[in-house]
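Note that the structure is predicted; figures quoted are calculated from it, not measured.
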Amino acid sequence: MKNNRKHNNQTTARQGAEAACVEPLKIGAATPFDFSAHNLTAYGGLLPVATMLEKLGFQQLVEENLTIKRLTRAMPVYQFVLAMVLALYVGFSRLHHLRFLEREPMLTGILKVLRLPPQCTFWRFLAALHLSAAGQILRVQQILRQRVWEAAHVELKTITLDTDTTVHTLFGHQMGGRKSYNPKNRGKKSFQPILTFLAETREYVGGELRNGDRPSGKQIARHLEGVFAALPKGVETCKAPFLTGGCA
């Protein structure tokens with residue numbers, strides 16, 4: 001029987017990894033990426049989202065409900081709002097992340113611009129918003145939720161509200177910061193926003209950015225009144241750990 005192995009000059013390749021990865025590989029906003037195809041984009045999912053917002057009348061709602069006196073030159077007001085909404089959808093949680101999408105063909109095509117404005121332009125746009133803009137945005141969200149439920153035939157008569165406060169640690173001297181309950185950073189000043197979500201659909205219903213003091217009973221009651229007003233039509237009963245009864 002002929003032995004072929006001793007006449008083979010090729011060395012056997014090692015099987016398996018030489019060393020195990022210490023940390024798992026994670027994809028973040030700073031992860032570089034590239035494609036060789038001309039018509040391929042990593043953000044192809046933005047097109048159906050933009051189409052959905054168009055059918056829901058998002059532009060008309062923003063232009064009718066959002067009051068902005070500052071004149072914008074780089075883009076209209078609606079395009080600023082739409083750019084930030086789409087950036088949040090693809091996972092960019094900060095304004096300086098928009099530089100990764102500055103010339104993204106899918107996003108610039110939806111916004112109908114050659115390139116996105118720099119980060120400082122978005123900051124000036126947000127700084128021009130009045131405090132009343134928060135309530136106006138919640139009003140837009142309320143109308144969109146109603147339209148989505150009607151289009152998707154969501155008919156919930158009884159819902160469960162999940163209301164709780166969270167801790168936002170502050171660094172430096174910011175107005176409203178208090179030394180209160182902060183288990184991760186004890187002794188540091190923080191805000192305590194109060195948020196309410198809909199348990200059945202995991203939707204954000206309402207919230208309020210508060211100082212670091214614990215909310216009183218009157219503040220919680222005022223918050224829940226706004227939550228009840230933001231619920232879609234047809235909801236009759238609300239359930240919560242501290243609340244039972246009907247919804248207005």
Please check this pair: side chain of [X] against backbone of [Y], looking for a donor-acceptor N/O pair closer than 3.5 Å.
X	Y	result
Gln60	Gly57	no
Thr163	Thr196	no
Arg178	Asn211	no
Asn182	Asn185	yes
Arg145	Ala230	yes
Arg210	Asp213	yes
Gln192	Pro215	no
Gln136	Thr67	yes
Thr51	Leu47	yes
Glu104	Leu107	yes

[X] [atom1] to [Y] [atom2] distance, which is reported to the nearest 0.5 Å:
X	Y	atom1	atom2	value
Glu155	His153	CD	NE2	8.5 Å
Gln59	Leu53	CD	CG	11.0 Å
Leu98	Phe122	CG	CZ	5.0 Å
Glu236	Lys157	CD	NZ	5.0 Å

Taking a hydrophobic cluster as the set of Ile, Leu, Val, Met, Phe, Trp and Tyr residues connected by side-chain heavy atoms closer than 4.5 Å, whether directly or through intermediates, do [X] and [Y] fall within one such cluster?
X	Y	result
Ile194	Val227	yes
Ile220	Phe191	no
Tyr204	Leu224	no
Val62	Val148	yes
Val205	Val154	yes

Tell me whether the count of non-hydrogen atoms from other residues, nucleotides or ligands lying under 6.0 Å of OH in Tyr181 goes above 12.
no
Residues, nucleotides or ligands: over 12 heavy atoms within 6.0 Å of Glu54 CD:
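Result for CD/Glu54: open.
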Applying side chain to side chain contact (heavy atoms under 4.5 Å, CB included) to Ile159 and Thr237, what does each step give before you reach the verdict?
CA-CA 6 Å; Ile159 62 171; Thr237 306; over 6 Å; no
Going through the checks in order, is the side chain to side chain contact (heavy atoms under 4.5 Å, CB included) test met by Trp149 and Lys233?
CA-CA 9 Å; Trp149 279 36; Lys233 299 178 181 178; over 6 Å; no
Student check: side-chain heavy atoms of [X] and [Y] closer than 4.5 Å:
X	Y	value
Leu114	Thr108	no
Lys239	Leu161	no
Arg124	Thr121	yes
Pro48	Met52	no
Leu198	Thr160	no
Ile68	Glu63	no
His168	Leu170	yes
Arg94	Gln119	no

How close do [X] and [Y] get, counting heavy atoms only, and between which atoms?
X	Y	answer
Gly207	Leu138	O-CD1, 4.5 Å
Gly212	Ser180	O-CB, 2.9 Å
Asn65	Arg139	OD1-CG, 3.8 Å
Ser190	Thr169	CB-CA, 3.9 Å
Thr158	Glu200	O-OE2, 4.1 Å

Listed pairs under 3.5 Å, donor-acceptor, residues 75-91 side chains, sequence neighbours left out:
| unit_1 | atom_1 | unit_2 | atom_2 | d |
| --- | --- | --- | --- | --- |
| Gln79 | NE2 | Leu111 | O | 2.8 |

Go through it in stages, so that I can follow the logic: the residues are Gln146 and Gln142, the test is side chain to side chain donor-acceptor pair (under 3.5 Å), and I'd like the CA-CA distance, side-chain angles, deciding distance and then a yes or no.
CA-CA 6 Å; Gln146 181 67 40; Gln142 174 187 352; over 6 Å; no
Starting from the C-alpha separation in whole Å, work towards a yes-or-no answer on side chain to side chain contact (heavy atoms under 4.5 Å, CB included) for Phe197 and Asp164.
CA-CA 9 Å; Phe197 295 87; Asp164 199 358; over 6 Å; no
Walk me through whether Leu66 and Val140 qualify under side chain to side chain contact (heavy atoms under 4.5 Å, CB included).
CA-CA 8 Å; Leu66 195 60; Val140 172; 5.8 Å; no
